[in-house]
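Just so it is clear, the values below take in all heavy atoms, side chains as well, and ignore hydrogens, waters and symmetry mates.
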Amino acid sequence: MAGTGCPPYGNANIYGNANIYGNANIHGNANIHGNANIHGNANIHGNANIHGNANIYGNANIYGNANIYGNANIYGNANIYGNANIVGWAPRAHQTLPVRER
């Protein structure tokens with residue numbers, strides 16, 4: 001893990017070229033890998049999976065079974081949760097995106 005962010009808590013894993021910076025928190029069963037960058041005040045928890053070239057920052061909160069990957073950028077006060085999948089060249093999410101389970 002590069003950067004100066006908080007070390008992961010619980011069963012969270014950070015591996016590959018993933019970087020954690022600033023006040024970012026990773027906990028629960030979250031997995032951060034690939035070339036993902038987590039910084040600012042971002043909070044990743046639950047069973048969230050962040051990988052590829054994903055960039056999570058600001059006050060973004062990713063949790064539940066959310067899966068963020070590819071070249072996705074999540075920032076601001078975004079909340080991504082449930083079984084959400086943000087993939088590839090996804091638009092930049094900068095607001096609350098509720099995901100309801102079926």
Side-chain angles (χ1 to χ4, degrees):
M1 172 181 72
T4 58
C6 183
Y9 295 105
N11 294 318
N13 290 299
I14 301 168
Y15 51 97
N17 293 318
N19 290 297
I20 310 301
Y21 301 102
N23 295 319
N25 284 300
I26 313 301
H27 51 100
N29 295 314
N31 284 297
I32 314 299
H33 53 102
N35 295 313
N37 287 298
I38 314 297
H39 49 105
N41 295 312
N43 190 25
I44 315 298
H45 55 105
N47 295 314
N49 188 27
I50 314 297
H51 56 105
N53 295 313
N55 193 24
I56 314 296
Y57 58 101
N59 294 313
N61 191 24
I62 315 296
Y63 59 100
N65 294 312
N67 191 23
I68 313 294
Y69 59 103
N71 293 303
N73 288 292
I74 310 297
Y75 60 94
N77 293 314
N79 286 294
I80 312 293
Y81 55 93
N83 291 316
N85 281 297
I86 308 292
V87 65
W89 289 96
R92 292 186 163 115
H94 54 87
Q95 60 186 0
T96 299
L97 300 174
V99 177
R100 297 189 198 326
E101 297 188 28
R102 295 182 202 187

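Residues passing the side chain to side chain donor-acceptor pair (under 3.5 Å) test with Asn13 are Asn31, sequence neighbours excluded. Shown here are the ring-ring contact (aromatic ring centres under 6.0 Å, His included) partners of His33, two or more places apart in sequence or in another chain: Tyr15, His51. For Asn53, the side chain to side chain donor-acceptor pair (under 3.5 Å) test picks out Asn35, Asn71, with sequence neighbours left out.
The distance from the CD1 atom of Ile20 to the CD1 atom of Ile38 is 5.0 Å, given to the nearest 0.5 Å.
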